[in-house]
Amino acid sequence: VGSEMCIRDSMATSAIAGYKGVLALSTSTGGSLTDIAEIRNFTVAVETAEIDATSHDSSGYREVIAGITSWNGTAEYLHVQASTDHQGIFDVLNGRTKVKIEFHPTGSSSDGSYTGEGYINSWELAAPNDDALAANIGLVGTGALTRNSSST
């Protein structure tokens, strides 16, 4: 039996550099969005919980149905003590203020983005001996995270 080899046409990648991403949030409910300066990276995750629907009629196999969907995010940024948006992040956490959050994976909202409302639920400041002063924040969504399609 002979083996076949699949050869793909060579073409340039369509990958997007991660360093172009932007995270923006308001520091008050209904406030205007501000890009968070000095972002090193961010992550957004969406998850749907499963509800166990297994019964004696399941023939010995587990059955599930879709449950509640939730989303969260994390971000790391180089902390600038005098930055008003960096100060605002800490104030929003302490004030338990709901904020609008937008993730722009390519750095441009015209390429598509993800928008929702949520809370900053954690903030961590790190001052390592061999790296820049950095902060990490955790975001938890309330309600839906909406994907805004590309305009092109």
Side-chain angles (χ1 to χ4, degrees), residues 1-51 61-93 97-152:
V1 177
S3 65
E4 294 182 28
M5 189 164 101
C6 179
I7 299 176
R8 301 185 80 199
D9 291 333
S10 177
M11 61 187 285
T13 183
S14 296
I16 298 166
Y19 66 81
K20 292 183 177 185
V22 172
L23 169 62
L25 57 89
S26 65
T27 54
S28 63
T29 304
S32 60
L33 290 164
T34 302
D35 293 352
I36 303 304
E38 304 287 342
I39 284 284
R40 275 192 164 173
N41 59 63
F42 66 80
T43 303
V44 60
V46 180
E47 179 178 298
T48 299
E50 71 254 2
I51 297 171
Y61 287 92
R62 183 172 184 235
E63 293 185 79
V64 298
I65 57 175
I68 295 173
T69 300
S70 62
W71 65 273
N72 63 66
T74 60
E76 178 187 25
Y77 59 91
L78 296 177
H79 185 66
V80 178
Q81 197 69 23
S83 170
T84 56
D85 47 305
H86 291 185
Q87 293 168 6
I89 289 170
F90 185 81
D91 295 342
V92 164
L93 171 66
T97 306
K98 185 180 350 179
V99 294
K100 184 175 179 181
I101 304 165
E102 282 191 3
F103 301 93
H104 304 272
T106 68
S108 171
S109 60
S110 64
D111 287 338
S113 60
Y114 300 87
T115 305
E117 289 187 331
Y119 294 90
I120 297 173
N121 66 350
S122 66
W123 182 82
E124 181 180 315
L125 183 64
N129 193 46
D130 60 349
D131 202 356
L133 186 66
N136 289 288
I137 59 172
L139 307 162
V140 61
T142 180
L145 182 67
T146 306
R147 182 178 56 85
N148 305 304
S149 298
S150 171
S151 61
T152 56

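Sequence positions, counted from 1, serve as the residue numbers for this chain. All values below come from the heavy atoms of this structure, side chains included, with hydrogens, waters and symmetry mates left out.
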For [X], what residues pass the side chain to side chain contact (heavy atoms under 4.5 Å, CB included) criterion, not counting sequence neighbours?
X	result
I65	I51, A53
T69	V46, T48
D35	V22, A24
T142	K98, E117, Y119

Atom pair [atom1]/[atom2] of [X] and [Y] - distance to nearest 0.5 Å:
X	Y	atom1	atom2	result
H104	F42	NE2	CZ	8.5 Å
I120	T97	CD1	OG1	9.0 Å
L33	E102	CG	CD	4.5 Å

Can a donor-acceptor pair be found, under 3.5 Å and without considering hydrogens, that links the side chain of [X] to the backbone of [Y]?
X	Y	result
H86	V80	yes
S26	K100	yes
Q87	Q81	yes

Please walk me through it: do E50 and R62 pass side chain to side chain contact (heavy atoms under 4.5 Å, CB included)? CA-CA 11 Å; E50 71 254 2; R62 183 172 184 235; 3.5 Å; yes
T13 meets the side-chain hydrogen bond (donor to acceptor under 3.5 Å, both in side chains) criterion, sequence neighbours left out, with none
Sub-4.5 Å side-chain heavy-atom contact between I101 and T115 = no
Notebook entry, point to check: Does the side chain of D85 pick up a donor-acceptor pair with the side chain of T34 at under 3.5 Å?
Noted result: no
Compare every heavy atom of [Y] with every heavy atom of [X], then report the nearest pair and how far apart it is.
X	Y	result
L23	A75	CD2-CB, 3.6 Å
V44	W71	CG2-CE3, 4.3 Å
P105	S113	CD-CA, 4.3 Å

List the atom pairs, donor and acceptor, that lie under 3.5 Å between side-chain atoms in residues 123-141 and the rest of the protein, sequence neighbours left out.
unit_1, atom_1, unit_2, atom_2, d
W123, NE1, Y77, OH, 3.1
D131, OD1, R40, NH2, 3.1
D131, OD2, R40, NH1, 3.4

